[in-house]
Amino acid sequence: MWSLIKNANIFAPEPLETHDLLVVGNQIAAIGNDLSLPSYINGQVYDLKGNYLVPGFIDAHVHICGGGGEAGPSSRTPEVQLSQLTQAGITTVVGCLGTDSLSRSMEGLLVKANALEEEGLTCYVYSGGYQADRMVFDNLRKDLVLIDKVIGAGEIAISDHRSAQPQISELERLAAGARVGGMLGHKAGIVHIHLGEGKRGLSPIWRIVEDTEIPITQFMPTHINRKEKLLKEGVEFLKAGGTIDLTAGCDDFEPHLHVPFVLNTLYEQGLLNDRVTVTSDGNGSLPQYNEAGALVGMGIGSVHVLWRDVREAINEYKIPLEIVLPTITSNPARILKLKGKGMIRQGYDGDLVALTDDLRIDKVWARGKIMIRDRTPVVFGMFETSLASHLQTVETPRLVKGRILSNTH
């Protein structure tokens with residue numbers, strides 16, 4: 001399978017002087033000017049007419065086999081479907097377990113990851129869940145060394161009433177297992193930490209960093225923009241050399257905690273560096289609690305908010321594309337050690353997104369295969385139908401307090 005992309009404004013994620021790109025099989029074979037297909041090859045040519053070509057997006061936090069359950073069995077969220085991801089420009093996804101690690105299992109997570117791979121994407125998983133008790137083997141090191149798709153531990157919950165309330169010593173052992181398992185398995189061994197609204201914030205992680213030999217880079221705390229106090233802690237964590245992950249689509253947060261605003265704040269402070277990532281929390285539940293801790297509303301996360309929020313940061317705050325694009329491409333690829341991902345380079349996987357001049361997703365290639373053409377899916381999951389996929393648009397609604405709220409502005 002040969003594909004030639006012509007006349008593109010390539011951001012790799014840095015801007016390139018060249019405008020043509022050749023994909024052979026599942027990899028980028030050449031980048032240059034005035035490229036052409038060999039006369040004996042019957043390949044596909046795509047003329048982007050000066051529009052943007054960027055790396056495929058990496059969403060490092062998606063509940064691929066569903067999540068939720070905080071309001072009982074009927075509140076379990078559904079599995080993510082292939083065209084939901086591809087329409088969002090996502091070509092690499094990392095799956096995780098959440099609150100419910102009983103009806104959702106590591107075995108189920110791995111099978112779903114394999115299913116998405118069969119359908120054309122690249123998929124990895126974290127081992128654990130909120131309770132840090134759902135490993136495939138009897139310890140995290142074995143999962144990291146013996147299971148190719150496991151790249152770290154997560155989504156381990158702290159500072160949250162739904163967590164297992166782990167002691168510092170338990171978190172230390174988990175982080176140590178992740179580090180050694182990562183070394184032995186040639187993986188990142190990241191500990192992907194879910195941060196709730198609890199008063200402890202990042203303090204358990206700070207304790208481990210200060211009191212042990214485990215480096216700050218072993219941790220990837222997420223939902224850091226959940227609260228103002230937590231965001232301030234996150235900025236200090238970033239300044240100290242740590243990684244922070246922002247959660248997109250949190251439209252019910254205060255405006256100054258929305259991803260576009262936070263990205264701009266970091267940019268203005270010179271802190272929007274290669275240790276900042278953005279994820280969607282797609283297909284996870286969005287429970288809402290009152291001050292007494294009672295559940296008062298429930299929603300579902302959408303993967304479409306990933307590019308929506310990054311695009312808004314570019315359009316509204318005028319952050320250069322090459323500065324903000326790495327948060328969903330090269331940054332997660334480097335942090336999670338995803339080989340051949342996150343950049344447009346010769347020899348890298350053919351994961352690409354073509355954007356219109358107003359930065360809307362127009363075409364998507366995953367491992368060299370066209371998945372979205374002219375904003376329309378051309379490849380579906382086995383049990384998706386054209387009608388169902390048509391309904392899964394960027395306007396995907398969510399249900400909160402028994403009423404429909406838009407996931408978009």
Side-chain angles (χ1 to χ4, degrees), residues 58-70 76-77 79-80 92-110 112-113 123-136 140 143-144 147 149-166 170-171 174-175 177-178 181-182 187-198 200-202 204-205 218-226 230 234 237 242-250 277-287 300-303 305-306 332 335-336:
I58 299 171
D59 195 338
H61 185 127
V62 178
H63 295 270
I64 58 173
C65 61
E70 290 95 341
R76 295 165 74 251
T77 65
E79 292 187 358
V80 72
T92 299
V93 61
V94 184
C96 58
L97 297 176
T99 308
D100 179 10
S101 56
L102 293 175
S103 69
R104 316 286 189 180
S105 67
M106 276 302 302
E107 291 81 0
L109 189 67
L110 284 165
K112 178 62 177 180
C123 195
Y124 300 93
V125 302
Y126 301 115
S127 188
Y130 270 27
Q131 312 298 315
D133 62 350
R134 281 296 178 263
M135 312 301 173
V136 177
L140 178 60
D143 281 17
L144 280 163
I147 305 174
K149 290 199 173 303
V150 175
I151 59 173
E155 172 189 10
I156 312 301
I158 64 172
S159 304
D160 193 302
H161 62 95
R162 295 167 292 173
S163 80
Q165 309 304 322
E170 294 175 278
L171 288 173
L174 182 72
K187 310 278 187 67
I190 286 291
V191 183
H192 190 55
I193 296 288
H194 162 102
L195 289 164
E197 297 185 2
R200 288 175 294 172
L202 272 168
I205 306 305
Q218 208 67 43
F219 300 95
M220 185 183 185
T222 189
H223 312 321
I224 206 79
N225 55 319
R226 183 188 293 277
L230 190 58
F237 195 76
T243 291
I244 61 171
D245 182 52
L246 307 173
T247 303
C250 297
T277 61
V278 180
T279 57
S280 73
D281 202 7
N283 278 57
S285 63
L286 303 175
I300 182 172
S302 168
V303 292
V305 298
L306 184 72
I335 293 164
L336 299 176

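Counting begins at 1 with the first residue of the sequence.
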To the nearest 0.5 angstrom, please state how far the [atom1] atom of [X] sits from the [atom2] atom of [Y].
X: Leu97; Y: Ser105; atom1: CG; atom2: OG; answer: 7.5 Å
X: Ile205; Y: Ile158; atom1: CD1; atom2: CD1; answer: 4.0 Å
X: Leu174; Y: Met135; atom1: CG; atom2: CE; answer: 5.5 Å
X: Leu246; Y: Arg226; atom1: CG; atom2: CZ; answer: 12.5 Å
X: Cys250; Y: Asn225; atom1: SG; atom2: CG; answer: 5.5 Å
X: Cys65; Y: Met106; atom1: SG; atom2: CE; answer: 9.0 Å

Return the set of residues passing side-chain hydrogen bond (donor to acceptor under 3.5 Å, both in side chains) with [X] (not counting sequence neighbours), or none when no residue passes.
X: Thr92; answer: none
X: Glu170; answer: none
X: His194; answer: Tyr130, Glu155, Asp160, His223

Are side-chain heavy atoms of [X] and [Y] found at a separation under 4.5 Å?
X: Leu195; Y: Ile224; value: yes
X: Leu336; Y: Met220; value: yes
X: Val80; Y: His63; value: no

Item to check | salt bridge (Lys or Arg N to Asp or Glu O under 4.0 Å) involving Asp245 - partner list, sequence neighbours excluded | outcome: none
Next on the checklist: My understanding is that only residues two or more places apart in sequence, or in another chain, count here; which of them pass salt bridge (Lys or Arg N to Asp or Glu O under 4.0 Å) with Lys149?
Outcome noted: Glu117
What closest approach, in Å, do [X] and [Y] show between heavy atoms, and which atom pair accounts for it?
X: Ser101; Y: Asp133; answer: OG-OD1, 3.5 Å
X: Ala60; Y: Thr279; answer: N-CG2, 3.6 Å
X: Val136; Y: Asp143; answer: N-OD2, 2.8 Å
X: Ser159; Y: Gly201; answer: OG-O, 2.7 Å
X: Ile156; Y: Ala153; answer: CG1-C, 4.2 Å
X: Val305; Y: Ser280; answer: CG2-CB, 4.2 Å

Whether the side chain of [X] engages the backbone of [Y] through a donor-acceptor N/O pair (distance < 3.5 Å, no angle test) should be reported.
X: Lys112; Y: Gly66; result: no
X: Tyr126; Y: His61; result: no
X: Lys187; Y: Leu144; result: yes
X: Asn283; Y: Thr77; result: no
X: Gln218; Y: Val191; result: no

Next on the checklist: If the condition is side-chain contact (heavy atoms from CB on, under 4.5 Å), which residues does Arg76 pass it with, not counting sequence neighbours?
Outcome noted: Asp100, Ser103, Arg104
